[in-house]
Visitor: 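Just passing along the structure, written as C-alpha cells.
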Amino acid sequence: MLKVIDAITLRDMFVGGAKNLTANRDYVDSLNVFPVPDGDTGTNMSMTIQNAVKEVVALGEGFDMTQLAQAITNGSLKGARGNSGVILSQIFKGVCDCALNKEYLSIKEFSQALQNGARVAYSAVAKPKEGTILTVIRVIAEQSSNYVSGRNNDFIKFFTSIIEVGENILAQTPDMLPVLKKAGVVDAGGMGLIFVLKGFLKILKGEIIEENTQQVEGKEQEIEAEIDELEDITFAYCTEFFITNIYPKTTLADIDKFRDKLSKIGDSLIVIGDLNLVKVHVHTNTPGLALQYAVQLGELTKVKIENMLEQYRALMEKRARERKPLGIVAVCAGEGFTKIFKELNVDYVIEGGQTMNPSVDDIKTAVDKVNADVVLVLPNNKNIILAAEQAKEFTKNKCIVVPTVNVQSGISAAIAFDPSVSGEENLEMMMEMASTLTCGEVTTAVRKTVTETGLKLREGDIIGLNGKAIVNAGSSVEDTTLDLISQLVNEESGLITLYYGENVSDEDVAHIQGVLSERYPDLDVMIYDGGQPHYFYEIAVQ
C-alpha cells in the first residue's frame, strides 16, 4: 500500500504522465473544434509537458522535492503553448507550490495540491469558461478530498478514484459548452489532463508506457471544423511571447495593468507569471500594440504571431479539395455500434437511440459537418425518422433519409452503400438490404402490464421484442434470448447476428454463442460488441 510519494516517485509519475499524453496526442488533437493556430490541443499540451520533462531530467539523480517542483513549474511555463498548454502549466504550478520544502507528499497533501492547482489555473484565465479543462481539474480537486482516508488510503486507489471522477465530468462538458455539443465532442484539454493522470497511475502500478504508440483511449470522434463560426473570427492574430529580464522598476501592479490593457485590444487572454518571467497569450488585431505594451515591462523573447484568417482560408481550400459526392450520418447508442459504423465508413455518428432521441438540430448539425454533396442519414429508430425528415429542410447539404427502424437494419444498409452510384440508387439498395432482416431485442420490463396477447409481465422481467410486439418473457436473459431467436429463425435463415449490450459479460456472450452454434449447426452465428445501454441483445436474422 503506497501512502506517501517521495521526490523520485513524483518525478517518475510526471515523466510517465508526459509519455502517456504524448502517446495519445493525436487523439486529443482530433477532438479540437477549431483548427486555428492554438487549436492543436494535444500537441500543445504534449510540448508543454515535454519541455518540463527536459528540466526534470536535467536535475540528474541528486535532487529533492523542492528542486523537482521548481523544475516542473519553470519548465512547463517556459514551454507552454496555446491556452491549453498555459492552463496545464498553471495546474502544475499550483500543485508544485504545495510540494515546496517537503520530503514526502501524503494523499491528503496531494489532494490539497490539486485544489491549489485548480485555483491557480482559474486565476490565470481572465474569463474562465466552464466545460473546459478548468472544469475537469476543479471537480477532480474538489472531490479528491473524498478519497484521502479509509479504504482509499492508498495512492493507486486514490488516482483510480479521481480519474473516474474526471472522466465523469469530462463526459458532461458538451452540456456545459454549446460549441462542444454542436461538434459532438468532449473538451480536448480535459481529455489531455485525464491522459496525464492515467500516466501517473500507470507508473504507480508499475506498467510500461510505450512512448511511440498511437493508442486511443476513450471515445473517438472525427470532427469537421465549425466553418461558419470560423468565418466570424473577430481577432485575427494569435500572439504569444515571454517577458523576461523584467526591469527592476516593474511591479506586480504593473503586470496587472498590462493585463487590463491587453483585455481592451483582444480576447483569449492569458497573462501569467511573476517578476521573474511572464507568459502572454492574446488574440488581437494589433499585435504590435501588444508588444509595445509588453516591452515597457522587460525584454521580449520567443515572440510568435500567427494569422488565424490564413488558417481559415487554408481550411476552406482543403475542404473543397476533399469534398466527395456522398456521405453518411448514422444514429446509435453504444461505443461498439459507433465503432462498427465507423468501420463501415460512416462519416459522422450521432449518439442517440430508443431512450435518447436526437433533435432536428442535432441531425442538421451532423449533416452539415459531412463534407459531401449528398448525405444519407440512417436514423436507426422509428422515433427518429420524422426528426430526420424535418432536418432535411434546413441542411446545407442535400439530405436523403434512409428510414432504417433499428440499428441492425442500419448496419445492413451501411454495408450495402456504394459510393459510385447516386444517392437515390443507394437509398433503394440500402433499404432492399435492410428488408432482408428479421430483428429482435431483449430488454427489461420497466413496469407491470398485460400485453395484447395476454402475456402478463412484472417489473424486472426479461422480455423479447419482435418489432414493437413483446413476444416472450422470463427471468433469464439467456433463456429469453434463445426463445426469441427460435421465433425469428425460419427455414430460409442463413445467419444469426447478435449485438450484446454494456451489461452483458464476456462469459455470458461465450456461452450463448456456444449454445447457438450447437442448436443451429447449419447457420452462421456472429456476435459483436454493441455496447448499447438498456438492451441486453439486439438480434438480426437473415
Visitor: Closer than 4.0 angstrom, basic N to acidic O: yes or no for K324 and E322?
Guide: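 No, this pair does not count.
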
Visitor: Any idea which heavy atoms bring I194 and I163 closest together, and the distance?
Guide: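 Looks like CD1-O, 4.3 Å.
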
Visitor: Quick one: does any side-chain atom of N307 pair with a main-chain N or O of Y237 as donor and acceptor, under 3.5 Å?
Guide: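 The answer is no, because no donor-acceptor pair under 3.5 Å joins these two groups.
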
Visitor: Which atom names give the shortest non-hydrogen contact between A413 and T404, and what distance separates them?
Guide: CB-CG2, 4.1 Å

Visitor: Would you say that L193 contacts I137 through its side chain, given a criterion of any heavy-atom pair below 4.5 Å between the two side chains?
Guide: yes

Visitor: Using 30° and 60° as the class boundaries, would you call the ring planes of Y499 and F337 parallel, tilted or perpendicular?
Guide: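 Y499 vs F337 ring planes: tilted.
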
Visitor: For N20, run the side chain to side chain donor-acceptor pair (under 3.5 Å) check against K202, E207, K198 and tell me which one passes.
Guide: K202

Visitor: To the nearest 0.5 Å, what is the distance between CZ (R313) and CE (M308)?
Guide: 12.0 Å

Visitor: So, taking the atom named CD1 in I162 and the one named CD in E142, what distance separates them when rounded to the nearest 0.5 Å?
Guide: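 Here the interatomic distance stands at 13.5 Å.
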
Visitor: Check whether any side-chain N or O of T451 sits under 3.5 Å from a backbone N or O of I470 as a donor-acceptor pair, and report yes or no.
Guide: no

Visitor: Backbone N or O of T234 within a donor-acceptor pair of the N285 side chain at under 3.5 Å?
Guide: yes

Visitor: List the atom of A121, the atom of Q90, and the distance in Å for their closest heavy-atom pair.
Guide: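 Minimum heavy-atom separation between A121 and Q90: CA-CB, 3.9 Å.
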
Visitor: Any non-hydrogen side-chain atom of M191 less than 4.5 Å from a side-chain atom of Y27?
Guide: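 M191 vs Y27: side chains touch.
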
Visitor: Apply side chain to side chain donor-acceptor pair (under 3.5 Å) to the pair E164 and S161, showing each step before the final yes or no.
Guide: CA-CA 5 Å; E164 182 178 354; S161 298; 5.8 Å; no

Visitor: Between V280 and E240, does a side chain to side chain contact (heavy atoms under 4.5 Å, CB included) hold up when you go through it step by step?
Guide: CA-CA 6 Å; V280 180; E240 288 186 310; over 6 Å; no

Visitor: Is a side-chain donor or acceptor of N44 paired with a backbone partner of G85 at a separation under 3.5 angstrom?
Guide: no

Visitor: Work out which heavy atom in A414 is nearest to a heavy atom in L378; give both atom names and the distance.
Guide: CB-CD1, 4.2 Å

Visitor: So do V421 and M429 actually touch side chain to side chain, heavy atoms under 4.5 Å?
Guide: yes

Visitor: Under 4.0 Å between a side-chain nitrogen and a carboxylate oxygen: does that hold for E389 and K392?
Guide: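 Yes, E389 and K392 are salt-bridged.
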
Visitor: Can you find a pair of side-chain heavy atoms, one from I363 and one from V329, that are under 4.5 Å apart?
Guide: no

Visitor: Roughly how far apart are D29 CG and M45 CE, rounded to 0.5 Å?
Guide: 11.0 Å

Visitor: For a side chain to side chain contact (heavy atoms under 4.5 Å, CB included) check, start with the C-alpha distance between L77 and I272, then their side-chain angles and the critical distance, and finish with the verdict.
Guide: CA-CA 9 Å; L77 178 57; I272 54 173; 3.5 Å; yes

Visitor: Do you know which two heavy atoms are closest between Q408 and A540, and how far apart they sit?
Guide: CB-CB, 3.9 Å

Visitor: Take atom CD in E343; do more than 12 heavy atoms of anything else shown fall under 6.0 Å from it?
Guide: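 Enclosed.
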
Visitor: Does the side chain of S76 reach to within under 4.5 Å of the side chain of N51, using non-hydrogen atoms?
Guide: no

Visitor: Between the side chain of D508 and the main-chain N/O of V504, is any donor-acceptor distance below 3.5 Å?
Guide: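 Not a single qualifying donor-acceptor pair exists.
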
Visitor: Taking the side chain from S435 and the backbone from E432, do they hold a donor-acceptor pair closer than 3.5 Å?
Guide: yes

Visitor: Would Y528 and Y500 count as a close aromatic pair, with their ring centres under 6.0 Å?
Guide: no

Visitor: Going by distance alone, is a donor N or O of one side chain under 3.5 Å from an acceptor N or O of the other, for T438 and Q542?
Guide: no

Visitor: In terms of ring plane angle, is the pair F14 and F92 parallel, tilted or perpendicular, where the classes change at 30° and 60°?
Guide: perpendicular

Visitor: Just verifying a value: how many Å separate I485 CD1 and Y520 OH, rounded to the nearest 0.5 Å?
Guide: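 I485 atom CD1 to Y520 atom OH measures 6.5 Å (nearest 0.5 Å).
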
Visitor: Do other residues, nucleotides or ligands put more than 12 heavy atoms under 6.0 Å from the CD atom of E310?
Guide: no

Visitor: Please determine whether side chain to side chain contact (heavy atoms under 4.5 Å, CB included) holds for the pair I462 and T444, giving the CA-CA distance in whole Å, both sets of side-chain angles, and the decisive distance to 0.1 Å.
Guide: CA-CA 5 Å; I462 309 301; T444 304; 4.0 Å; yes

Visitor: If we check salt bridge (charged side-chain N to carboxylate O under 4.0 Å, His left out) with K364, which of these qualifies: D361, D368, D362?
Guide: D368

Visitor: Do I384 and P358 make a side-chain contact, defined as non-hydrogen atoms from C-beta onward lying under 4.5 Å apart?
Guide: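 In short, these two side chains touch, coming nearer than 4.5 Å.
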
Visitor: Look only at the side chain of S144 and the backbone of A141, and say whether a donor-acceptor pair between them is shorter than 3.5 Å.
Guide: yes

Visitor: If you define the side chain from C-beta out and look only at heavy atoms, does anything of R138 sit under 4.5 Å from L134?
Guide: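 R138 vs L134: side chains apart.
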
Visitor: Distance check, rounded to the nearest 0.5 Å: L262 atom CG versus I270 atom CD1?
Guide: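 One gets 12.0 Å once the value is rounded to the nearest 0.5 Å.
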
Visitor: Between the side chains of K398 and D373, is the shortest nitrogen-to-carboxylate-oxygen separation below 4.0 Å, so that they form an ion pair?
Guide: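 No salt bridge links D373 with K398.
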
Visitor: Once rounded to the nearest 0.5 Å, what's the spacing between atom CG of L482 and atom CD of Q487?
Guide: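 Rounded to the nearest 0.5 Å, the CG-CD separation comes out at 12.0 Å.
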
Visitor: Checking T395 side chain against N397 main chain: does a donor-acceptor pair fall under 3.5 Å?
Guide: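 Flag set: sc T395 to bb N397 pair under 3.5 Å.
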
Visitor: Do T132 and T173 have side-chain heavy atoms sitting under 4.5 Å apart?
Guide: no

Visitor: When you measure from the side chain of N381 to the backbone N and O of N406, does any donor-acceptor pair fall under 3.5 Å?
Guide: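 Judged by distance alone, no pair lies under 3.5 Å.
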
Visitor: Grab the two heavy atoms, one from A290 and one from F241, that are nearest each other, plus how far apart they are.
Guide: O-CZ, 4.1 Å

Visitor: I would like to know whether L484 and V442 meet side chain to side chain contact (heavy atoms under 4.5 Å, CB included); could you show each step before the answer?
Guide: CA-CA 8 Å; L484 175 60; V442 180; 3.8 Å; yes

Visitor: Using only atom types and a distance under 3.5 Å, with no angle test, would you say the side chain of N380 pairs donor to acceptor with the backbone of V405?
Guide: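 Not confirmed, N380 side chain does not pair with V405 backbone.
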
